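Here is the structure we will look at.
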Amino acid sequence: MKIVVASGKGGTGKTTVSVNLALVLGNCTLVDCDVEEPNCALFLGDMKVHQDVILMEPAFDLDRCTYCKECADFCHYHAIAVIPPESLLFFRELCHPCGGCAIVCQHQAIGESPRMIGDIRRGEFGGVTLYDGQLKIGEPLAVPLIRKLNALDDGDGVFIYDSPPGTSCPVVETLQGADYAVLVTEPTPFGLHDLKLAVDVVKNAGLPLGVIINRDGVGDDGVERFCEEQDIEILLRIPESRQIAELYSSGNCLVQDMPDLARSLRAVYTRIQEVVG
Amino acid sequence: MKELVVLSGKGGTGKTTITAAFASLAKDAVLADCDVDAADLHLLLHPEVRGRMEFRGIEIAIKDPALCTECGACREKCRFEAIDENFDIMDTRCEGCGVCEIVCPADAIHLEFRLSGEAYISSTRFGPMSHARLFTAEEASGKLVAMVRKNAKMLAADEDRSLVLIDGPPGIGCPVIASISGTDLTCIVTEPTVSGRHDLIRVVGVARHFKVPVAVIINRYDVNPEMAQTMEAWCAEENIPVIGRMPYDTAATMAMVKGMTIVEYDDDVLAPAVRDAWRRLEGLLYGR
């Protein structure tokens, strides 16, 4: 079973829910897909590099190049500029390595060289296996890393995926193959606005979903009303609490110190199992 | 004209709350919301939309099933695993590279620009605003960010304003790079938590990569003063000015519920702190 924890808005408590849910379940795999800012490991411990993630980008052999411009004309990302008679510029940051330039080149002047865009790390913490991806600083492409993390779900056992914030391609990629989405929000106008967008994405993906309201008690009742109108199940309300904020700030998990929360999270999982069947 | 971008690495540290407050203090700015896939600045600035434009930023492959011979050439060559076992194109994975189009022997595939969002030019009580909406589940938000920034600069030129104030997205990837590259200063809003610190270090790395100077605001510093101190020490070592320390205060949420900035809400704690931070930021921007 694959459960994705997502939110739309950042900083609502996705990582807190993912890590603590994984700890309560034990014997499961937690996958941190927020490759731009992976945080799960900060709450669990040391990780080891599992594999480098490499894309193949074009390498130009200028001895063979005739500056015919075929590659530049083809490139849909405008990552190649050819200025005859003999100048070729490659804009690495615009390239989404697709291999197209090498296919269209009729002079065998384009090969490939590896470009490392990040790595995947692994750690064991009691019964919880954590994988995360770290996008290299300055690299724009998060999705290829997320795709690698997605492939870790071999359908055997329980997988909890901690999603990146937002509602665009990295989130959609994380949702691929999921059985259920938990949306973590806060009861504020920002929380509500971004929750609506996230619900939209999850419904488009055809997945069942439930909401966890974090920092319950601050703000207003907009999220509650929205969930009622849309017939969305509220799985859990985690109260606004100084104790939680302080534990989180120092990198502590919550469930050891908060047995009630541990019980509630276990109940959330039982409910998800009922829905998924 | 100067461009100032507010970033955070980690989401939910208070970027938008603080950007909106800066908007109410800047006398001469155009506002730009570059967090195009979860834009929230409009909830505080209530823009009145004066102009809309379609965003057709990315191409997508379209297959004509009548011509497809299911030979599999596209599936073999697609680097983005966007063609499934039935040789259908998965829109959410297609990056519009065009490789399938050129390898298809049956000419069954062509590329089309798809409508994937809208950009807006608006008025607010603090000045003109450039913003956008990326349709959910869409790609290429970096290109929409570039469009928002372009519109903002155009507005600044038209209305003779000297600053573009950008509310940036979380993270460090494509939309962040599109928001920060070529700006004059980035103000990073962080919080004293292990994740705040970790994400601050990474987003500072991005700013340095693109050679943009950095100033830091530590929000909710009193949630963990010890952590806040280690972060300040790190900033000092890195020669990064800490221009603001804001305490945790429910006034931020109260103001948001009322659709106001914290300057307008005018409590005794956050409003003075953000005024002070803005004065320092102006100093850094204009060398005063």
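Nothing here was measured: the structure is a model prediction, and the numbers come from that model.
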Task: Reported CZ-to-NZ distance for the pair Arg115(A) and Lys136(A), which is rounded to 0.5 angstrom - done: 8.5 Å
Open item on the list: Nearest 0.5 Å, please: how far is CD in Glu264(B) from NZ in Lys258(B)?
Closed with: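 It comes to 12.5 Å.
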Task: side-chain contact (heavy atoms from CB on, under 4.5 Å) between Leu209(A) and Val182(A), intermediate numbers included - done: CA-CA 6 Å; Leu209(A) 67 107; Val182(A) 174; over 6 Å; no
Atom group of [X] that falls short of 4.5 Å from chain A, counting heavy atoms:
| X | result |
| --- | --- |
| Thr136(B) | both |
| Ile172(B) | both |
| Glu191(B) | side chain |
| Ala178(B) | neither |
| Met90(B) | side chain |
| Tyr248(B) | side chain |
| Leu111(B) | side chain |
| Met227(B) | side chain |
| Val103(B) | side chain |
| Pro170(B) | both |

Before accepting this row, confirm whether a basic side-chain N of the pair [X]/[Y] lies closer than 4.0 Å to the acidic partner's carboxylate O.
| X | Y | value |
| --- | --- | --- |
| Glu112(B) | Arg56(B) | no |
| Asp221(A) | Arg225(A) | yes |
| Arg215(A) | Glu186(A) | yes |
| Asp132(A) | Arg121(A) | yes |
| Arg114(B) | Glu59(B) | no |
| Arg237(A) | Glu224(A) | yes |
| Arg79(B) | Glu57(A) | no |

Task: Ring centers of His76(A), His96(A) separated by less than 6.0 Å - done: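 When the ring centroids of His76(A) and His96(A) are compared, they turn out to be at least 6.0 Å apart.
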Task: Residue from Thr174(A), Leu141(A), Val172(A) passing side-chain contact (heavy atoms from CB on, under 4.5 Å) with Ile146(A) - done: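 Option passing the side-chain contact (heavy atoms from CB on, under 4.5 Å) with Ile146(A): Thr174(A).
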Task: Residue from Thr190(B), Asp199(B), Leu7(B), Ile188(B) passing side-chain contact (heavy atoms from CB on, under 4.5 Å) with Val204(B) - done: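 That would be Ile188(B); it is the only one of Thr190(B), Asp199(B), Leu7(B), Ile188(B) passing the side-chain contact (heavy atoms from CB on, under 4.5 Å) with Val204(B).
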- [ ] Look at Ala38(B), Gly173(B), Cys97(B) and state which one has the largest set of heavy-atom pairs under 4.5 Å with chain A.
- [x]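 Top count of heavy-atom pairs under 4.5 Å with chain A: Cys97(B).
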Task: Option in Gly171(B), Pro175(B), Gly205(B), Ser8(B) with maximal non-hydrogen atom pairs under 4.5 Å from chain A - done: Gly171(B)
Which one of [options] has the most heavy-atom pairs closer than 4.5 Å to chain B?
| options | value |
| --- | --- |
| Glu173(A), Gln134(A), Lys14(A) | Glu173(A) |
| Ala205(A), Gly10(A), Pro165(A) | Gly10(A) |
| Leu135(A), Thr12(A), Val218(A), Asp34(A) | Leu135(A) |

Which portion of [X] sits near chain B, non-hydrogen atoms under 4.5 angstrom:
| X | answer |
| --- | --- |
| Ala142(A) | neither |
| Ser168(A) | both |
| Asn204(A) | side chain |
| Pro144(A) | neither |
| Glu139(A) | backbone |
| Ile103(A) | side chain |
| Glu93(A) | neither |
| Tyr248(A) | both |

Open item on the list: Could you check whether Lys143(B) makes a cation-pi contact with Phe55(B), meaning its NZ or CZ is under 6.0 Å from the centre of the six-membered ring and within 45° of the ring axis?
Closed with: no
